[in-house]
Amino acid sequence: MYDLVVIGAGMSGLMAAGAGARRQKKVLVVAKGQGALSLSSGCIDFNPGLLEREEGSPYFKVREVVEESFNFFKYLVKRCGLNYVGSPSEQTRIFTTLGTVKNSCLVPESMFLENPDSYERIIAVGFKGYFDFSPKMFLYYAKKSGIFPGLKETEEVYFEPGVRTVNTTWLAQALTRGELKEKLIAFLKPYARPKTLMVFPAVLGDLPEDRLFKEVEEVLGVKVVELPGGFPSVPGQRLHKALVSSLKEMGVNFLFNAEVIGYKKNLRQVTSIKIKESGGRVREISGKAFVLATGSFWGKGLRANTEEICEPIFQSKVYLPRNFAEDFNFLASGIYTDEYLRPIKELENLYGAGSILANSNYLKNNSGLGLALATGYKAGLLALGDGEVRRNA
Amino acid sequence: MKKLKTTVLIIGGGATGTGLLRDLALRGIDALLVEQKDIAHGASSRFHGLLHSGARYAVKDPNAARECIEENLILKKIAPTCVEETGGYFIELNSDDPAYTAKWLDGCQKAGIEVREVDPNHLKREYPLLTKEVKRVFEVPDGTVDGFRLCWANVWQAEEYGGRYLTYHQLEGFEKQHGRLTAAKLRSSLTGEEVFVEFEVAVNAAGAWAAEVAQLAGVKVNLLQNKGTLIAFNQRIFQKVFNRLRPPSDGDIWVPHHTITILGTTSVNVDNPEILRPTPEEITKLLEIGKELIPEVLELRMLRAFAGIRPLYLGEESNSQDSRSISRDFVIIDHEKNDGLKGLISLVGGKLTTYRLMAEKTGDYIGKLLGIDRKSKTSEIPLTPALAVEEKNRIARRYIVRAPKIEERLKGVTEEKQVLCECEGVTVAEIKEVARWEDTHNLEDLRRKTRLGMGTCQGLNCAHRGLGVAFTELLEKSQEPLEQLKEFLKNRYAGQKHLLWGEQLREAELLTGLYGCNFSLFGGTDDV
Ligand SMILES: Cc1cc2nc3c(=O)[nH]c(=O)nc-3n(C[C@H](O)[C@H](O)[C@H](O)COP(=O)(O)OP(=O)(O)OC[C@H]3O[C@@H](n4cnc5c(N)ncnc54)[C@H](O)[C@@H]3O)c2cc1C
Ligand SMILES: Cc1cc2nc3c(=O)[nH]c(=O)nc-3n(C[C@H](O)[C@H](O)[C@H](O)COP(=O)(O)OP(=O)(O)OC[C@H]3O[C@@H](n4cnc5c(N)ncnc54)[C@H](O)[C@@H]3O)c2cc1C
C-alpha cells in the first residue's frame with residue numbers, strides 16, 4: 001500500500017512525488033510516457049505578473065509554496081549535477097537557436113547569460129551537416145536584439161564531426177564520449193580570446209551531469225552558452241532524467257509504460273487505480289492518496305472528440321474555453337478543482353496538478369513548467385495531508 | 001513608379017491566367033501576367049485536385065462531360081508530371097437509386113468516357129475501411145492534378161517562350177481613353193511600389209475576384225461566389241479517386257494526392273471572394289457524408305480543412321441561386337460587345353480540368369482581335385519535358401524545367417543531399433535553390449514549390465530548419481525571415497484550427513509548444 005500514487009511523470013507528477021519523498025513517504029509514480037517535459041526547452045517559465053491576470057488561474061491556489069517548491073526543484077536537479085539559475089520573482093532572458101529571445105524564470109546554468117554587455121565577440125558554433133542550428137541566423141538576430149551593446153565582431157564557425165548525417169541525439173552523445181570532445185576543443189582553440197562568447201545549440205552532452213560547457217569555458221577561457229531549439233530537446237531530456245534519477249535515489253518507485261485506465265473507490269475515497277502495462281497485463285494498485293498529473297492534450301490527460309473534452313480516468317468535469325480554436329485558447333482547457341486542488345467533491349483523496357488544470361494557458365501566462373512545478377508540489381503536500389499547508393491555503 | 005508595356009495583360013495567376021500566358025507565349029504573342037499574391041493563390045490550389053474524367057457530369061451536363069474527357073486525355077499526355085493517372089471509382093451503395101446508375105452509364109457512353117465494372121468484393125478486400133454497403137463499382141479514367149505545379153509549369157514554360165509575369169502585384173485600377181482601356185495600375189503588395197502597365201488588351205482571369213476586377217474597369221460581371229470546403233487526411237486512404245454514384249452533391253468525392261487524401265466538398269454561396277473560412281457546420285456535414293463510405297472516418301488523422309471559392313457565371317441578369325445547377329462551363333466576355341468598353345475581356349467559369357481549352361479559345365479570340373492568325377500549340381507541345389515522366393525522377397517531376405538547377409546542386413556538395421522535410425522528402429539542395437529564385441518571396445512560396453511542411457508534421461520540424469538552411473537566401477527577400485516563419489505557422493494553424501480534436505489537437509499543441517514556448521515566437525512573453 002502506497003502513501004501516495006502519482007499518475008503522470010511530467011513536471012507536475014514528479015514534483016508531487018518529490019514532495020512525498022521529502023517526507024519519507026512511500027510513493028509510486030505511474031506513467032505512460034514522458035509528457036511535454038522532455039520536449040520542452042528545459043527552461044522553467046514562470047511569470048506571476050501574467051498569471052495574476054488569468055482569471056481562475058491555479059496560481060492563486062499555490063502562491064505560498066512557490067518559493068519553497070522552486071528551491072526544492074533546484075535541490076533535486078542539483079543532486080544529479082544539473083544546476084538551475086534564477087528565482088521565481090525574476091525573469092531571465094535567454095536566446096534560442098533561432099536567435100529569438102525567450103523570457104523564462106529558472107534556466108539551466110548552461111543557458112544563463114549574465115552581463116551580455118561585457119562581450120565584444122560572439123562565435124556561433126555550428127556543425128557541418130547539422131541543420132537544427134544556423135549560426136548565421138542566430139548572429140543576425142542576436143545583433144539585432146540590441147542585447148550586446150559592446151559587440152565588435154561575430155563569426156560563424158562549423159565543426160566537422162566527420163560523419164555524413166548528424167542529428168541532435170547522436171551529437172549530444174558523441175561530443176562527451178571519446179575523441180570528438182578533444183577535437184572540438186582543439187578546433188575552437190584559435191577562436192578563444194578574451195571577452196568572447198561562444199554559443200552552441202543545446203547538444204553539449206546528453207546527461208544531466210555532463211558539464212562540457214564548463215570544460216570548454218575553462219580550457220578556452222571564454223564564456224559558453226547553450227541555445228534551446230527544436231526536437232528532440234536535449235535540455236528537456238536532461239531535466240527529465242535528472243528529476244527521475246534524484247527521486248529514485250530518494251526512494252520513489254516508478255512504473256513506466258503503464259497506462260492508468262480506471263479506478264475503484266470506497267465511499268468518498270479512491271482506493272486503487274487500474275493500470276495496463278506495456279505487455280497488456282492489467283492490475284490494480286492501491287494507495288492512500290492520489291495525484292492526477294496527466295497533462296494536457298499532448299500528455300493525454302485530456303482527450304477531445306468532435307463533441308466534447310473529457311478527462312478519461314476519473315471523468316472529472318472539464319472547462320471548455322470559449323472561442324476554443326481562436327488564439328490557441330484550447331490550451332486553457334482543463335479540469336475544475338476546489339481550493340485544495342481536488343477535482344471531484346466526492347473523491348476526497350484525489351488531487352490534480354499541472355497542465356491538466358483549467359485556466360492555465362501556458363502560451364498566454366508564459367508559466368508552463370513553473371506552474372506545473374508549483375501545483376505538483378502543492379498537490380503532493382495536500383495529498384499527504386500536510387495540515388500546515390492546508391491551513392495556509 | 002515603374003513603367004511596363006505589353007500587348008496582352010493577364011490579370012490573375014490561377015490555372016486560367018497561367019494557361020492563357022502559356023497559350024499566348026507559344027503563339028508568340030507578347031503577354032504579361034500579374035497576380036496579387038503567389039501563383040495559384042486562389043481556387044487553383046484551394047480546390048479538390050480532381051482531373052475530371054467527365055463522369056461526374058455525365059447525366060446533368062453532357063457538354064461538360066465531353067470537354068472534360070477530351071481535356072483529361074490531353075493533360076495526361078502533355079503534363080504527366082502535374083497529373084497522376086490514378087483512375088477513379090464510382091460507387092453505388094445499397095441506399096443509392098439504381099435507376100440513376102443506368103442513366104449515368106448511358107451518359108458516360110454518350111460522352112465517350114470509358115467505364116468498366118469492378119467486383120465490389122475486390123474493393124472491400126483492398127480497403128477494409130470501406131463500408132460494407134457497397135453494391136456496384138465502376139472504374140473511370142479520373143486522375144488527380146497538382147494545382148501549384150500545373151500553374152508553375154505553365155508560367156515557367158511561358159517564360160521560356162518570352163512570357164512575363166509579376167507575382168505579389170495587385171491590380172488597383174485602369175486608365176481609360178476614348179472608350180478604351182489603355183493601361184493598368186498595379187501595386188506591389190510586398191514593397192508598396194507602383195507599377196504602370198500599358199497594354200492593348202487586358203484579360204480578366206481573376207476567378208472569384210473577376211467581378212471586382214471588372215468593377216475597376218467600370219463594367220459588370222455577374223458572378224456567383226460559391227465556397228467549397230475540403231478536409232485533408234494525413235495518408236493516402238485510397239489509391240484512386242472515390243466518387244459516389246448519385247446526383248452530384250456535397251462531400252461525395254475522395255481524392256488521393258501525393259501522400260494525403262482530400263475529402264470534399266461543400267457548396268455555400270458567399271458574397272466575398274476572401275471568405276475562405278470553413279464553418280463548423282460544413283465540417284460536420286462533410287464528415288457525416290464521409291461516414292457513409294468510411295464508417296470510422298472520425299478515427300482517421302486529419303491534417304487541415306480549407307476552402308476555395310468557385311466563380312460561377314450567372315449570365316446576364318440571372319438570379320438563379322442553386323449553384324450546382326449552374327453549368328460550370330466557361331464564358332469569354334468581350335466587354336466591347338457587352339458594355340461598349342474596348343480593350344477588356346473577362347474569362348470566367350470553367351473547371352481546372354478544362355483550363356487549357358479555355359486558354360485556347362481565348363487565345364483564338366485575342367488573335368482575331370489583334371489580327372494575329374496563329375494556331376494554339378498547347379495540346380501538342382509537352383508542358384513538361386519527357387525525362388520527367390519517370391516515376392523515380394522526383395526532382396524532375398517536381399521542378400520541371402527548373403529541375404536541372406537542383407540536380408546540379410545534388411551532384412555537388414554532399415550535405416545538400418540530406419533530407420530536411422521527412423514527410424515530403426525535401427532535400428537541403430531543393431530548399432536552398434528554390435529560396436534563391438526570384439519568384440520565391442518568402443517561406444510560404446518555398447513551401448508551395450517544394451511541399452516543405454505539407455505532410456503529416458505540418459512544418460513542426462522542417463519549418464525552422466528550412467528557415468535556417470535558406471537563411472542567407474531568405475534574408476534577401478522583402479519580408480524578415482522570422483516574419484516569414486510566423487506567417488507560415490499562422491497559415492498552418494489556420495488549417496488545423498477547424499479540426500481540433502483527437503490526434504490533430506495533440507499535434508496542434510505540440511506545434512504551439514515548440515514555436516510558442518521553446519522558440520518564444522509568439523505568445524505571452526511580455527513582461528508585466
Ligand atoms: C512542445 C512543448 C514545449 C514546451 N516548452 C516549455 C518550456 O520550454 N518551458 C515551459 O515552462 N513550459 C513549456 N511547455 C509547457 C509545459 O511543458 C507544460 O505546461 C508542462 O510540462 C505540463 O506538465 P505536466 O506534468 O502537467 O504534464 P506533462 O509533462 O504532459 O506530463 C503528463 C504525464 O502524464 C502521463 N499520462 C497521461 N495520461 C496517462 C495515463 N492514463 N496513465 C499513465 N500516465 C499518463 C504522461 O505520459 C506524462 O508522463 C511546453 C509544452 C509543449 C507541448
Ligand atoms: C472547392 C473547390 C473544388 C474544386 N474542385 C475541382 C476539381 O476537383 N477539379 C476541377 O477541375 N476543378 C475544380 N474546381 C474548380 C477550379 O478550381 C477552378 O475552376 C479553377 O481553379 C479556376 O481557376 P482561375 O484561374 O479561373 O481562378 P483562381 O485560381 O481563383 O485564380 C484567380 C487569381 O486571380 C488573382 N487576382 C484576383 N484579383 C486580382 C487583382 N486585383 N490583381 C491581381 N491578381 C488578382 C487571385 O489572387 C487568383 O490567384 C474546384 C473549385 C473549388 C472552389
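Since the model is a prediction, treat every value here as computed from it, not as a measurement. Order of the sequence lines sets the chain letters (A, B, ...), proteins ahead of strands, with each chain counted from 1.
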(Q) Between A/Gly368, A/Pro228, A/Ser367, A/Gly229, who has the most heavy-atom pairs with chain B when the cutoff is under 4.5 Å? (A) A/Gly229
Q: Heavy-atom pairs under 4.5 Å with chain B are the metric here; pick the option from A/Gly42, A/Gly236, A/Ser134 that has the most.
A: A/Ser134
Does any heavy atom of chain B fall under 4.5 Å from the side chain of [X], the backbone, both, or neither of them?
X	result
A/Phe330	side chain
A/Tyr140	side chain
A/Ser41	both
A/Ser296	both

Might you point out which heavy atoms bring [X] and [Y] nearest each other, and give the distance in Å?
X	Y	result
A/Tyr141	B/Leu482	OH-N, 3.0 Å
A/Ala325	B/Lys497	CB-O, 3.3 Å
A/Ala304	B/Leu500	CB-O, 4.5 Å
B/Arg506	A/Trp298	NH2-O, 2.6 Å

Per-residue contact mode, [X] against chain A (heavy atom under 4.5 angstrom):
X	result
B/Pro280	neither
B/Leu485	side chain
B/Tyr493	side chain
B/Gln496	neither

Q | Sorted by number, residues from residues 459-479 of chain B in contact with chain A (heavy atoms, under 4.5 Å) | A | B/Leu460, B/Asn461, B/His464, B/Arg465, B/Leu467, B/Gly468, B/Val469, B/Phe471, B/Thr472, B/Leu475
Q | Test salt bridge (charged side-chain N to carboxylate O under 4.0 Å, His left out) applied to A/Lys300 - qualifying residues, sequence neighbours left out | A | none
Out of curiosity, [X] [atom1] to [Y] [atom2], how far, rounded to the nearest 0.5 Å?
X	Y	atom1	atom2	value
B/Ser520	A/Asn366	OG	CG	6.0 Å
A/Ser333	B/Leu505	OG	CG	7.5 Å
B/Tyr515	A/Leu98	OH	CG	7.5 Å
A/Asn305	B/Leu298	CG	CG	8.5 Å
B/Trp501	A/Ile309	CH2	CD1	12.5 Å
A/Glu160	B/Glu415	CD	CD	7.5 Å

Give a yes or no on whether the backbone of [Y] and the side-chain of [X] come within a donor-acceptor separation of less than 3.5 Å.
X	Y	result
A/Thr100	B/Leu521	no
B/Asn518	A/Leu39	yes
A/Tyr362	B/Cys517	no

Q.
Please determine whether salt bridge (Lys or Arg N to Asp or Glu O under 4.0 Å) holds for the pair A/Arg303 and B/Glu503, giving the CA-CA distance in whole Å, both sets of side-chain angles, and the decisive distance to 0.1 Å.
A. CA-CA 9 Å; A/Arg303 206 167 284 173; B/Glu503 281 303 301; over 6 Å; no
Q. Which residue pairs pass the salt bridge (charged side-chain N to carboxylate O under 4.0 Å, His left out) test with at least one member in residues 276-288 of chain B, sequence neighbours excluded?
A. A/Glu326-B/Arg277, B/Lys227-B/Glu282, B/Asp250-B/Lys285, B/Glu288-B/Lys291
Q: If a pair satisfies salt bridge (charged side-chain N to carboxylate O under 4.0 Å, His left out) and one of its residues is in residues 367-376 of chain A, list it, with sequence neighbours excluded.
A: none
Please indicate whether [X] has more than 12 foreign heavy atoms, meaning atoms of other residues, nucleotides or ligands, lying under 6.0 Å from its [atom1].
X	atom1	value
B/Arg409	CZ	yes
A/Arg63	CZ	yes
B/Glu438	CD	no

Q: Report yes or no: do A/Thr165 and B/Gln418 form a side-chain donor-acceptor pair below 3.5 Å?
A: no
